[in-house]
Amino acid sequence: MLIEVEGLTKVYREERGLLPTSFTAERGELIAVIGHNGAGKSTLMKMLAGWLLPDNGEVLVDGITLKDRTALVRKVGFVPETPSLFDFFSVEYNFRLFARLFRIPRVRIEETLRDFDLLPYRHNKIRVLSKGLKQRASIGRSLLADPPVLLFDEPTSGLDFDMTNEIYRLLRSTHASGKTILFTSHRPEEIRSLATRVLLLHQGRLVFDGPPRDYFRSTIHGDLYV
Amino acid sequence: MIRNIITLTLNDLAIACKNKTVYLVLFIPLFVFVSLNLVDQKDGAVKQVRLGLIGQEHYSPVIIESIEAADAVFAVSWLADETEGRAWLKEKKIDGLLLRSEQDPQRVELLVPTRASFQTLAIVEGLSAMQLASDGESGNWISAIKPLQNVAVQKQALPTWVLMLVLLVSCIIIPGQVAEEKEKKLLLGLLQTPMRESEWLLAKLASGMILIYLAVLFLHLLGSYDPGNLLSYGAFIGVGSFCFCSFGILLGFLCRSQASARTLGIIFYLPLLLPSALADVSQKLNRVAPFLPSYQFYGPVNAILLEGGSVENFSPELAYLLFVGIAALSAAYRLMKERWLM
């Protein structure tokens, strides 16, 4: 078992958030975490990434707990909805900064720039890049340390058709390289074409856990979305 | 058109409320009012002034009798010689030292730490009043007022400028930077690396302290000001910048956005700066200011720069600044661990 989530809980003042949630994920799964706005998707992702501290519960990734953050970050890469990159610096500067903090050799920066077609933009400041390129740089940044688990929060939010397809291609190729991926989504076509498993959150509870085919055949999709 | 302007104006006002800018509008007049009340001494209740006299000196008997009779105004300390008197002045054990005038033995010279202080004014006023009561002449018992260190007026203002620079970096720049990293989720991004929270805090502290050292160095280079005891001066700038930068980091953690952090920074900037810088000209402010960390920084820097003081004379101030800095940094660490407002 690569990821074990046990009773993970985070409740905000407005009684929104994530109620006690448990699930496990095997190596190589591509899991879509879906649900309406406020269902607890981003809260779950942020807790798995260590951005939010849970009220209760535990997460183990490859045997490492959330409390051991400095070890966990080598196992989990997180691509937030808005890239957390220093936008007044270049793509390469950002990669170098994060590579230094991870103690990653410089050759890995070159590999990542090449893999993500960012070589022509390496000296461009993040703030002048298009949203799609920013997202690509953000994914590249999170893959610098080559973590086995990748979390994407709304990876195609606000992207046009071409950029969305580009992100799908990146997700598939990253998954094909053996990574375990969890991504949040609202788009049925995204779930159908990418996911190997669906976790449906509704009002902070996990109400469905299974393959996409079963999800779309079940009444739950119709009840909540149609 | 007018409707849009009104809508947008209301929106701007709502933003000002949301990012706490409106607090400045309320706070600055309130602060000015309180400060002016502290500076303005309408009640005339001047506390006793501590005056030093040299035991071996042959003062005019009239002056000595008058001073000793006015024990409500002057607390007299008899000192062995001028060297001891100067030492007492440096250590702020007395507010002024009377020396016999070399030109006119019937008059005295007043030696004070700084000319522009309410203590100096109180001594001059007191002696003038006694002279009038004693012999009714319009002359003056005081032939000259000399500062302890004969420094240029420009240099006398230097400690205030140094305090301003330190507070500018620590109360305005640092909180803004911290809040920006929080607002843009850059800090959370950095926490996605094996970097420890304490490393980030120390790096932020170091960058603030370097900025302060650079600003102070630049100021000295521009004005060609002699820093006096360089080691003591450097040590106090270091401890002061540690204290205030830690405080600035804490302020940044208390805010969700850059705009809030800047507002909060200004709210702390003025009360830290003005009472300390104006303490010499107001008796009330002089009583309030020692509670502020800025005064514990300003006083020793002032003494080191203008009176040739040394760091070993200011151990309590040093300990106070270190304590405040460590407390602020610990609180910031706690908030960072809790992912406060991130």
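We name chains A, B, ... by the order of the sequence lines, and we start the count at 1 in each one. Predicted, not measured: the structure shown is a model, and the values here were computed from it.
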Greater than 12 external heavy atoms within 6.0 Å of Arg196(B)'s CZ: no
Pairing residues for Phe242(B) by the ring-ring contact (aromatic ring centres under 6.0 Å, His included) criterion, not counting sequence neighbours: none
Arg69(A) side chain to Leu191(B) backbone, donor-acceptor under 3.5 Å: yes
Rounded distance [0.5 Å steps], CD in Gln192(B) versus CG in Leu151(A): 8.0 Å
Enclosure of Leu214(B) CG (heavy-atom neighbours >12, cutoff 6.0 Å): yes
Neighbour count >12 (heavy atoms, 6.0 Å) for atom CZ, Arg16(A): no
Most contacts with chain A, counted as non-hydrogen pairs under 4.5 angstrom, among Lys337(B), Glu199(B), Glu197(B), Met342(B): Glu197(B)
Heavy-atom pair with the smallest gap, counting every atom of Leu101(A) and Met195(B): CD2-CB, 4.3 Å
Greatest number of heavy atom pairs closer than 4.5 Å to chain A - which of Leu190(B), Leu187(B), Leu186(B): Leu186(B)
Residue-level interface, residues 40-54 of chain A with chain B, non-hydrogen cut-off under 4.5 Å: Ala49(A), Gly50(A), Trp51(A), Leu53(A)
Contact residues of residues 105-124 of chain A (partner chain B; heavy-atom separation under 4.5 angstrom): none
For the student: nearest non-hydrogen atoms of Val73(A) and Pro194(B), plus distance: CG2-N, 3.5 Å
Part of Arg103(A) lying under 4.5 Å from any heavy atom of chain B: neither
Lys125(A) atom NZ, over 12 foreign heavy atoms within 6.0 Å: no
Tabulate below the donor-acceptor pairs under 3.5 Å that side-chain atoms of residues 80-91 of chain A make, not counting sequence neighbours, or state none.
unit_1	atom_1	unit_2	atom_2	d
Glu81(A)	OE2	Ser157(A)	OG	3.1
Ser90(A)	OG	Tyr93(A)	N	3.0

OH (Tyr12(A)) with more than 12 external heavy atoms under 6.0 Å: yes
